Each structure stands twice: as C-alpha cells, then as structure tokens.
Amino acid sequence: MELCEGLQVLQDRGFIQQCTDLEGLNNAMKAAPITFYVGVDPTGPSIHVGHMVPVFALAHLKRSGHKPVLLLGGGTARIGDPSGKTEMRKMLTYEDINENVQSIQKQLSAVVTMDGKNGWFVNNADWLANLNYIDFLREIGVHFSVNRMLTFEAYKKRMETGLTFIEFNYQLLQSYDYLELYRRKKCTLQIGGDDQWGNIVAGIDLVRREEKAEVFGLTFPLITRADGKKMGKSEQGAIFLDPTMCSVYDFYQYWRNVDDRDVEKFLKLFTFLSLDEIKTICAPDADINKAKEVLAWEYTKLIHGKEKADEAIAAAKAAFGGDGQGDLEAMPSIEIAESEFEAGINIMDLFARTSLCASKSEARRLVSQGGAIVNDEKITDIDFIVKAGAVKDGNIILKAGKKRFFRVIVK
RNA sequence: GGGGAGAUUCCCGAGUGGUCAAAGGGGGCAGACUGUAAAUCUGUUGGCGAUGCCUUCGUAGGUUCAAAUCCUUCUCUCCCCA
C-alpha cells in the first residue's frame with residue numbers, strides 16, 4: 001500500500017504504533033485533507049516532554065495539509081483518566097484546571113500555530129461542564145457495555161488496585177469528545193499515545209452508532225528510554241517546557257545526555273530534521289556526541305527559541321569545555337552579595353543555598369565524598385570557608401560531581 | 001450493612017514494646033572507569049557543626065520508664081458476603 005505523505009512521514013519517523021484501519025485512513029487522507037485531533041489533559045501547570053510526541057505528530061500532519069484540533073481537556077481533567085495509572089490521581093480544583101488550560105495553551109501556541117481556520121485549540125469543558133446527567137446517560141451511556149469496558153486493559157489493571165466510578169466514566173467523556181468534534185468540525189481522526197487506544201476505539205464506536213460515520217484512530221508507541229527509565233524524567237523531576245520549572249540549561253543537558261541507543265529515535269521524534277540529515281548525523285562512523293548536541297540544540301531551539309538554545313550550548317561548552325571560557329548565561333544561578341564573601345561563607349552553607357544540594361546534610365556528604373568543586377578546585381574540608389578571593393569576573397562556579405554546574409553571581 | 005486484611009522513610013517492601021532513623025531491593029547522589037553515553041565496582045542516601053539532639057512508620061488521643069510495634073477514635077484502601 002502506498003501511503004499518503006502525512007502517514008508516510010509518521011511511519012518513517014516511528015510515530016505509528018497501531019491504527020484502527022490504516023488502509024481506510026490512508027484512502028481518506030489521500031482523497032482530501034482531513035480534520036484530526038489530539039487531546040492533552042491539563043493536569044499540571046506545564047506540559048513536559050512526555051506530552052510532546054502527539055504534538056510533534058500533529059505538527060507533521062499539519063505540514064502535510066491536514067487540519068489539527070488540539071483539545072485541551074479542561075472538562076476531562078475534572079474526572080481524571082485512569083488509563084495507565086495504578087491509582088487515582090489527586091482531584092484538581094476547577095480553578096487549578098482553568099489556570100493549567102491557560103498556561104498550557106500558551107506553551108503550545110509557541111510550538112504550533114493555530115490560526116482558527118486550519119487549526120484550532122478547543123477546550124472540552126465547553127461541552128462537558130454543563131452536561132445534564134440523565135440526558136447524557138440516555139443518549140450516550142446506552143451505547144457503552146460495562147462488560148466490554150471491563151475487558152479493556154486499562155480497567156483490568158485497576159481491578160487489582162481499585163477503580164472508582166468517577167474514573168470509570170472517563171472513557172464515556174472522551175468518546176463524547178470525539179463525537180462532538182465530529183459533529184462540530186467533521187473530525188475523522190483521533191491520535192494519541194498507545195495508552196489511549198481503548199478510549200479512542202470507544203470514541204470511534206460511539207461516532208459510528210450515533211452518526212453512522214466511519215472515523216479513525218491512530219496511536220503512537222509509548223516512548224521509552226533504552227535504560228528503561230521513564231521518558232522525560234530526570235533526577236530533578238520531569239523535564240518541563242516551562243523554563244521556571246526546568247531551566248533551559250537542564251532541558252538542553254537532558255537531551256545532550258541521552259543514551260547512545262536513543263539518539264536516532266529521538267531525532268526522528270523530536271526534531272524536524274529530514275531523515276537524510278538524521279541518517280548522516282547518526283552514521284556509524286559519525287561522532288555520536290555531535291549527534292547528541294544536534295538533538296539537544298534542535299529541540300531546545302524549538303521550545304525555547306534559538307537565542308536561548310545558543311546560550312545553553314555555550315553554557316555547556318563553558319562547563320564541559322575545560323578551558324572555563326564561554327557563555328555562562330544559561331547556567332542555573334543565584335545571586336549572593338559580595339559582602340557575604342567578605343565575611344566568608346562556609347562551603348556546606350554555600351552549596352546548600354544552590355540547587356545543587358537540597359540540604360546542608362547533603363552538602364556535607366558531597367564535600368566529604370569529594371564531589372564538591374569550587375572554581376575547578378576540589379574541596380574536601382567541611383570547614384572550608386569561601387572568601388571574596390574566589391570570585392572571578394563576578395562569578396563563582398560550583399560543581400557537584402563532574403556534571404552538575406552552578407553559577408554564583410556575586411553582586 | 002456484616003466479616004476479614006491493610007496504611008512504614010522518594011518507590012516497593014521487612015519490622016509486632018527497648019539494641020529502629022527503621023532490613024532488603026529499586027531509584028537518587030558521589031567516587032573509580034569513560035565519551036557530558038552505557039555497563040560494572042565502591043561508598044552514601046530524614047534534618048541539624050552532631051559519638052548527641054530534633055522530626056518521621058495514615059489521623060487524633062491513651063497505656064508504659066520506653067511505642068512503627070499495645071489500646072481507643074477517625075480517615076482511606078483492598079478482599080469476601082449482602
């Protein structure tokens with residue numbers, strides 16, 4: 001089967017896990033541009049890189065002429081999706097959800113443009129929030145078989161640990177979203193992570209029953225890392241797009257440090273470099289570290305802009321280059337008054353004030369284990385006092401181990 | 001509604017009156033090795049200038065010289081029965 005441009009791109013880049021009817025979808029997409037949607041539930045103030053696969057897929061399809069609807073789940077977030085979770089998520093207040101919708105839409109607007117003619121942001125709170133319970137049950141609820149729902153993997157898993165009725169309803173709401181988007185925008189494709197498979201096919205069934213229409217579903221593989229750790233989780237926490245929750249430098253470093261085995265996969269998923277370029281970058285005789293730099297820079301540029309990406313790469317070069325030269329701008333930092341250094345600051349106190357150490361005890365451990373470095377000088381004495389003499393060009397560079405850097409700006 | 005089991009430090013999970021800041025594993029951090037990778041080995045992993053003190057074993061009380069461990073209240077979870 002010859003795939004249309006949009007599907008071919010997704011296929012080549014590793015986005016496709018399963019499709020309800022690839023041939024049918026392909027024919028539909030060849031015949032005319034289609035409208036498709038992907039949902040993001042606003043469960044936090046910022047999305048993180050784990051959310052980004054669908055966004056990239058959306059961007060690729062948009063590039064090949066199809067019309068995206070990016071659905072923000074302001075309504076569904078009031079319920080909470082049990083799919084793939086072992087326990088119930090904490091319930092969010094309506095206020096928090098609304099704020100999350102605002103901030104996430106802002107974040108996503110920077111990555112994909114929705115002009116309101118060929119692409120839209122929608123919030124399902126618009127049609128879910130004021131549903132009438134009885135009407136909903138009579139119109140929508142009748143189409144759902146509890147017996148069948150219980151056979152879904154997402155629920156089966158929860159049979160062990162417990163599942164509440166509110167969560168059990170989630171699938172009906174997401175299915176209703178699909179129906180609503182079909183009615184409003186003739187949306188005929190829903191894409192999402194593979195954990196959404198059950199919700200997606202349920203929606204397709206609902207559209208078929210209510211509208212006698214055939215619509216499609218397509219899922220992406222759940223992206224894992226070669227070392228088996230969860231995608232987008234660093235030791236500090238999730239890699240958020242919001243620079244106040246995850247500095248641009250840390251964002252860059254996360255990708256700069258990915259496992260060798262993941263580089264090519266991530267270049268395909270998280271950048272728009274052509275497959276030829278990626279092939280060259282990842283050739284067996286090419287420098288793998290160069291490839292990681294490309295990945296990190298490209299992705300950082302996409303999210304934070306070229307200027308910030310350049311700063312991050314410069315900061316990394318300064319930190320790891322060895323000569324201490326380069327731009328320190330993007331390195332995480334704090335400001336400390338010069339007068340404090342006149343008096344002298346104890347090494348443990350200094351580290352504890354940075355994000356390098358969470359507590360003084362941690363700083364003590366770091367120092368006594370030989371991981372504390374001030375301006376390239378290893379300090380192992382916990383009584384060491386950092387004085388004004390350590391300030392160079394208004395900075396003191398702290399290192400915790402070999403990879404974690406911090407800049408103290410002395411004012 | 002009735003009966004049973006359970007809630008432990010970041011996670012899983014031992015611990016059933018003092019020797020428990022709490023085994024073991026995972027994860028994290030650091031050291032060695034290296035390529036800012038992986039794998040491996042070692043150390044470390046609540047807070048505090050500390051051979052001690054403070055906070056932590058679902059919540060609130062109580063018994064005791066002493067409680068994660070015993071009693072009572074409450075909250076929540078799971079299982080069986082209705």
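Letters A, B, ... mirror the listed sequences (proteins, then strands); counts begin at 1. All figures in this text were calculated on a predicted structure; none of them were measured in a lab.
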Categorize [X] for me: base, sugar-phosphate, or nothing, with a 4.0 angstrom heavy-atom threshold over every strand shown.
X: Ala372(A); result: nothing
X: Arg256(A); result: base
X: Asp262(A); result: nothing
X: Val258(A); result: sugar-phosphate
X: Asp259(A); result: sugar-phosphate
X: Arg261(A); result: sugar-phosphate

**Q.** Within the 6.0 Å centroid threshold, strictly below: Phe216(A) and Phe36(A)
**A.**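 For Phe216(A) and Phe36(A), the ring centres are not under 6.0 Å apart.
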Does a side chain donor of either [X] or [Y] reach within less than 3.5 Å of an acceptor in the other side chain?
X: Gln190(A); Y: Gln174(A); result: yes
X: Ser274(A); Y: Asp276(A); result: no
X: Gln8(A); Y: Asp12(A); result: yes
X: Gln107(A); Y: Ser46(A); result: yes

Once you round it to whole Å, what is the distance between [atom2] of [N] and [atom1] of [X]?
X: Glu293(A); N: rG35(B); atom1: CD; atom2: P; answer: 15 Å
X: Ile288(A); N: rU34(B); atom1: CD1; atom2: C1'; answer: 15 Å
X: Gln369(A); N: rG43(B); atom1: CD; atom2: P; answer: 11 Å
X: Arg365(A); N: rG46(B); atom1: CZ; atom2: P; answer: 6 Å
X: Arg364(A); N: rC29(B); atom1: CZ; atom2: C1'; answer: 16 Å
X: Phe405(A); N: rA30(B); atom1: CZ; atom2: P; answer: 11 Å
X: Glu362(A); N: rU44(B); atom1: CD; atom2: P; answer: 16 Å
X: Phe351(A); N: rA30(B); atom1: CZ; atom2: P; answer: 11 Å

Q.
Pick the closest RNA chain B nucleotide for Ile313(A) and for Lys378(A) by heavy atoms, then say which residue is nearer the 5' end.
A.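 Nearest nucleotide further toward 5': that of Lys378(A).
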Q | Residue whose closest nucleotide on RNA chain B lies nearer the 5' end, Ile385(A) versus Ile373(A) | A |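 Closer to the 5' end of RNA chain B: Ile373(A).
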Q. Would Phe136(A) and Tyr176(A) satisfy ring pair (Phe, Tyr, Trp, His ring centres under 6.0 Å), going step by step from the backbone distance to the final call?
A. CA-CA 10 Å; Phe136(A) 183 76; Tyr176(A) 185 70; 5.5 Å; yes
Q | For Lys399(A), all residues meeting salt bridge (charged side-chain N to carboxylate O under 4.0 Å, His left out), sequence neighbours excluded | A |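 Partners of Lys399(A) under the salt bridge (charged side-chain N to carboxylate O under 4.0 Å, His left out) test: none.
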[atom1] atom, [N] versus [M]: distance in rounded Å?
N: rG27(B); M: rC10(B); atom1: C1'; value: 8 Å
N: rG3(B); M: rC54(B); atom1: C1'; value: 43 Å
N: rC29(B); M: rG46(B); atom1: P; value: 15 Å
N: rC53(B); M: rG58(B); atom1: P; value: 24 Å
N: rU8(B); M: rU77(B); atom1: P; value: 14 Å
N: rG43(B); M: rA37(B); atom1: C1'; value: 23 Å
N: rG15(B); M: rA23(B); atom1: C1'; value: 8 Å
N: rA66(B); M: rC12(B); atom1: C1'; value: 31 Å

Q. So which pairs with a foot in residues 356-366 of chain A pass salt bridge (charged side-chain N to carboxylate O under 4.0 Å, His left out), sequence neighbours left out?
A.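 Listed by first then second residue: Asp349(A)-Lys360(A).
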Q) Does Asp287(A) make a side-chain donor-acceptor contact with the base of rG35(B), cut-off 3.5 Å? A)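 No.
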(Q) Looking at the base of rA30(B), is there any donor atom on it, or on the side chain of Arg404(A), that sits under 3.5 Å from an acceptor on the other one? (A)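 Checked by distance alone, the answer is no.
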Q. With Watson-Crick and G-U wobble geometry limited to distances under 3.5 Å, how should the secondary structure of RNA chain B be encoded in dot-bracket form, using | for bases paired to another strand and [ ] for crossing pairs?
A. (((((((..(((.....[.....)))((((((.......))))))(((...)))...(.(((..]....))).)))))))).
Would you indicate, yes or no, if [N] has its OP1 or OP2 atom less than 4.0 angstrom from a side-chain nitrogen or oxygen of [X]?
X: Ser359(A); N: rC48(B); value: yes
X: Lys402(A); N: rU34(B); value: no
X: Lys403(A); N: rA37(B); value: yes

Q. More than 12 non-hydrogen atoms from neighbouring residues, nucleotides or ligands closer than 6.0 Å to OH on Tyr94(A), yes or no?
A.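 Not more than 12 within 6.0 Å, no.
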Q: Verify the neighbour count for atom CG of Asp393(A): are there more than 12 heavy atoms of other residues, nucleotides or ligands below 6.0 Å?
A: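 Check fails, neighbour count at 12 or below.
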(Q) Before you tell me yes or no, could you show the steps for Phe56(A) and Tyr299(A) under ring pair (Phe, Tyr, Trp, His ring centres under 6.0 Å), namely the whole-Å CA-CA distance, both residues' side-chain angles and the distance that decides it to 0.1 Å? (A) CA-CA 11 Å; Phe56(A) 277 97; Tyr299(A) 201 173; 5.6 Å; yes
Q: Could you tell me which non-hydrogen atom of Ser333(A) sits nearest to which non-hydrogen atom of Ile409(A), and how far apart they are?
A: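 What the structure gives for the nearest pair is OG-CD1, 3.7 Å.
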Q. Minimum heavy-atom separation for Ala202(A) to Phe144(A), with atom names?
A.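 Looking at all heavy atoms of both residues, the closest pair is CB-CE2, 4.0 Å.
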Q.
Syn if the chi torsion is within 90° of 0, anti otherwise; quick check, which is rU64(B)?
A.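 Anti, since the glycosidic angle lies more than 90° from 0.
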Q) Among rA37(B), rG46(B), rA30(B), which is the nearest nucleotide to the side chain of Leu366(A)? A)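 When the side chain of Leu366(A) is considered, rA30(B) is the closest of rA37(B), rG46(B), rA30(B).
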Report each atom pair, protein N/O against N/O of nucleotides 77-80 of chain B, whose distance is under 3.5 angstrom.
| unit_1 | atom_1 | unit_2 | atom_2 | d |
| --- | --- | --- | --- | --- |
| rC79(B) | OP1 | Met159(A) | O | 3.4 |

Q. Which residues satisfy the ring-ring contact (aromatic ring centres under 6.0 Å, His included) test with Phe152(A), sequence neighbours excluded?
A.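 Partners of Phe152(A) by the ring-ring contact (aromatic ring centres under 6.0 Å, His included) criterion come out as none, since no residue qualifies.
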Close N or O pairs between protein and nucleotides 4-11 of chain B (under 3.5 Å):
none

